[in-house]
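These notes are about the structure you will find just below.
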There are 2 protein chains.
Amino acid sequence: MSEAPSETPTQVPSWERLQELVATGNAEGLRDCLQALGATEVAHAVSKLATEERTAMLVLLEPADAADVIVDVPDSQAVELLGEMAPAEAAAIVDELRSDYQVDLLTSLDEAGSAAILDEMDGAEAADVRQRLSYESDTAGGLMVTEYLAFPEHLTVADVVDDMRRHGEEYSDYNVQYTYVITDVGLLAGVVPMRSLLLAGRSRSLGQLMIRDPLRVTTDAAIDELIEFFDNHGFLGVPVVDAEGRLAGVVHRREIQEAQEHQVDRTFLESRGIVGGEELRSMSVGLRSRRRLSWLSVNILLNIAAASVIAFYQDTLAAVIALAVFLPIISDMSGCSGNQAVAVSIRELTLGLVKPGELFRVLYGELRVGLINGLVLGILLGAVAALWQGNLWLGLVVGVALTLNTIVAVSLGGLIPLVLRRFDKDPALASGPILTTVTDMCGFFLVLSLASLALSKLS
Amino acid sequence: MSEAPSETPTQVPSWERLQELVATGNAEGLRDCLQALGATEVAHAVSKLATEERTAMLVLLEPADAADVIVDVPDSQAVELLGEMAPAEAAAIVDELRSDYQVDLLTSLDEAGSAAILDEMDGAEAADVRQRLSYESDTAGGLMVTEYLAFPEHLTVADVVDDMRRHGEEYSDYNVQYTYVITDVGLLAGVVPMRSLLLAGRSRSLGQLMIRDPLRVTTDAAIDELIEFFDNHGFLGVPVVDAEGRLAGVVHRREIQEAQEHQVDRTFLESRGIVGGEELRSMSVGLRSRRRLSWLSVNILLNIAAASVIAFYQDTLAAVIALAVFLPIISDMSGCSGNQAVAVSIRELTLGLVKPGELFRVLYGELRVGLINGLVLGILLGAVAALWQGNLWLGLVVGVALTLNTIVAVSLGGLIPLVLRRFDKDPALASGPILTTVTDMCGFFLVLSLASLALSKLS
């Protein structure tokens with residue numbers, strides 16, 4: 001019986017095993033352990049290690065293995081990790097990453113950190129990365145990868161197959177679907193699907209085989225244009241050319257999908273007041289606190305402004321103290337109702353189902369929902385108020401105020417994201433605070449001014 | 001000068017052009033017009049048409065062209081469109097869709113609608129779809145596509161290339177990366193990457209060429225397992241086998257990505273109170289209103305419960321009526337602070353950076369942020385209160401209450417999503433209401449009980 005504990009496999013959490021391997025400098029064990037873990041497990045373990053431990057871990061690994069870790073963890077964590085390392089060691093890892101990922105990470109690092117890493121990279125590679133960093137991140141130039149196959153048009157199928165045989169290892173990371181065909185000066189001339197290579201005779205040249213003048217985008221094509229492109233075409237990738245028509249890279253459907261996912265994630269976080277980028281609990285308390293306060297401090301000022309409406313009605317409140325119970329309820333519920341409409345509008349804007357100018361259409365849709373839901377909620381809250389204080393007039397005041405304010409909140413909630421988008425502001429970030437400030441003011445005003453009118457019946 | 005208006009190209013919105021083409025029964029013009037529009041434009045136009053118009057439009061088109069419209073629009077809109085059509089006409093369109101999309105849409109339709117469409121489909125095809133519908137939607141069986149290449153192991157490369165030549169048109173939709181190899185009884189035997197076909201001699205058999213016993217998942221593999229699989233392996237697809245080991249379909253990385261995107265979208269909508277599925281403004285007012293009320297009615301009851309704390313302190317409020325101004329501020333601000341922590345926890349849970357059991361770790365992280373932000377906000381609000389009423393004690397009561405309640409809100413906000421996840425509840429849906437109810441109650445109690453203690457100094 002006493003041996004049972006030593007018989008059961010010890011369930012050491014993976015981060016503790018990593019900690020142990022780093023402490024003992026066991027590079028080989030570390031690599032094997034990391035390779036056996038799933039990406040999520042790696043991310044979790046890394047987030048549990050202290051800063052020095054995770055830096056030591058990455059330094060202990062071969063750059064290619066360290067790059068695998070960087071790829072496994074979420075982007076914001078990867079940026080943290082690189083920022084904590086010595087530039088030379090970070091540079092060796094960045095060198096191993098896929099081109100679009102290099103750009104993503106270096107763009108997210110602060111300028112000094114990014115420059116220090118580039119200074120440590122191989123000259124030609126660094127120049128290449130700097131060139132790609134010079135493109136806006138939400139354009140084809142910033143999103144493209146430079147790992148693709150391109151051959152001159154005079155080569156034959158046999159030449160290409162030979163080249164693929166020689167570079168099989170290297171190309172296996174490329175997710176190759178197409179071979180691009182270029183002229184002697186690097187201009188994009190055509191594209192050959194992998195399938196055509198398979199089905200064609202070996203002596204045919206790429207120039208004979210290729211689809212001429214394929215669809216392309218320029219390096220400055222905006223992400224919206226690329227989304228539209230992949231919406232309209234079934235292709236898995238599109239070639240990117242520079243101003244002179246030279247092939248510069250390829251944007252795959254995958255990169256656009258990832259960019260869209262980032263957008264959705266950002267919308268979720270911003271709509272809940274996490275601004276200035278993703279927050280991880282592994283970041284410093286000072287940074288997290290400061291970023292959150294930047295949002296909270298705006299909100300508290302807006303809140304004070306809204307609540308100041310109450311200060312004008314202190315006499316009414318003093319006469320009917322029960323009203324104080326209903327003020328926070330009306331404020332909260334209008335926020336709930338309005339935020340539903342905000343979410344639907346943000347979603348429809350994202351999907352393109354509504355355009356920023358279609359205010360009347362949205363207003364018409366929301367007014368009817370607001371009226372029904374306002375009546376239901378107003379009657380409910382009015383009944384509670386009337387029964388609690390045994391005063392039908394109190395119920396009427398509270399119920400009418402909530403009904404009217406729900407209609408206002410739902411209508412405004414639907415419209416605000418459209419107006420913000422029209423003025424190129426981010427709806428996710430600003431809709432909530434604007435909505436609650438206006439509906440709080442309006443709600444406090446409605447219930448207290450109605451109460452003032454009916455004061456003789458209430459007190 | 002007078003001719004200028006007629007010279008400028010008329011900018012008829014695309015939905016009006018579609019309306020016109022439908023009204024005149026111009027099938028060809030309709031097809032051309034739709035093909036010229038981007039997916040987003042199609043979705044927008046469809047959402048502007050009346051129910052009868054869009055049904056008429058789909059009926060006017062060839063089923064394959066109508067299927068292109070269905071693919072262009074968001075899923076929830078596609079489900080709406082199919083639900084509005086006669087089952088026979090919907091069946092003809094569903095027949096043209098890719099297998100995983102057939103399952104998605106039929107699963108989202110109500111049961112009667114889905115059964116009616118299946119009854120109208122070709123017997124063999126319907127049996128096939130029914131079989132796939134029998135799998136849970138979040139398993140490999142529900143996510144897989146049945147468009148893939150599979151050949152018996154004795155065939156040669158030349159046989160396969162011949163077959164691909166014959167079926168080029170059909171296969172071009174398949175996004176083929178691999179050819180699967182099966183035994184005579186349909187068991188999965190191996191996989192051949194397209195590249196190997198290209199590089200191998202034409203007389204070699206698939207059996208010689210294939211990677212034996214490739215990684216696979218069973219039809220009942222859960223989505224989490226599939227996410228983990230694609231996190232850990234670079235493959236673009238994984239074969240799905242039934243309980244007997246027969247090849248049943250293929251899940252591509254793309255389908256898993258789409259499933260994850262849906263999850264993120266749902267999180268955003270649910271966290272803002274849109275429950276029971278995506279809401280589009282083209283849905284009926286009754287349905288939209290009912291769904292939104294299901295969420296609002298829970299919230300108003302929780303709000304009433306929280307505000308009832310105020311009712312116990314009516315005497316204190318009557319003595320210091322200025323407190324009524326600060327109750328909604330404390331309630332709102334605690335919600336803001338707490339929701340930031342909720343967002344970070346939901347995000348870290350999604351990324352796997354925190355596990356549902358790690359309550360202490362999250363608490364430690366949030367307590368410190370809550371303390372700093374609570375102090376900052378408390379001092380700010382306390383100063384406003386003290387200056388406004390010229391009463392330092394009022395400032396102290398309000399400031400201390402907000403500080404303490406911020407610490408509570410931030411800590412609870414961090415923990416609630418973990419606890420909900422641990423009990424398999426959806427954090428996005430329930431975190432907000434639970435958080436605000438508890439922090440409202442706590443905040444009202446703190447400010448009013450502190451005020452009661454300091455009553456002699458306040459009034």
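Just so we're on the same page: letters track the sequence lines, and every chain starts at 1.
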B:Glu278 and A:Arg347 ion-paired at < 4.0 Å = yes
Salt-bridge test for B:Arg281 and A:Glu348: reply yes if a basic N is under 4.0 Å from a carboxylate O, no otherwise.
->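 Answer for the salt bridge query: yes.
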Can you tell me which of [options] forms the most heavy-atom pairs within a distance under 4.5 Å of chain B?
| options | answer |
| --- | --- |
| A:Ala324, A:Pro433, A:Ser345 | A:Ser345 |
| A:Glu366, A:Gln257, A:Glu41, A:Glu258 | A:Glu366 |
| A:Ile304, A:Val354, A:Asp68, A:Leu380 | A:Ile304 |
| A:Leu269, A:Val46, A:Leu327 | A:Leu269 |

Chain A heavy atoms under 4.5 Å from B:Phe444: which part of the residue, side chain, backbone, both or neither?
->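 For B:Phe444, the contact with chain A is made by the side chain alone.
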Segment of B:Glu279 engaging chain A (4.5 angstrom heavy-atom cut-off) =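 For B:Glu279, the contact with chain A is made by backbone and side chain together.
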Most chain A-contacting option - heavy-atom pairs closer than 4.5 Å, from [options]:
| options | result |
| --- | --- |
| B:Ile310, B:Asn339, B:Val369, B:Leu353 | B:Leu353 |
| B:Leu293, B:Asp72, B:Leu381, B:Val161 | B:Leu293 |
| B:Thr40, B:Val344, B:Ile274 | B:Val344 |
| B:Ala343, B:Gly432, B:Gly370 | B:Ala343 |

Verify whether one side chain among A:Arg361 and B:Ser47 offers a donor that lies under 3.5 Å from an acceptor in the other.
->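 Indeed, the side chains of A:Arg361 and B:Ser47 share at least one donor-acceptor pair under 3.5 Å.
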Need one label for [X]: side chain, backbone, both or neither, based on atoms under 4.5 Å from any heavy atom in chain B.
| X | result |
| --- | --- |
| A:Ala306 | neither |
| A:Val342 | side chain |
| A:Ser337 | both |

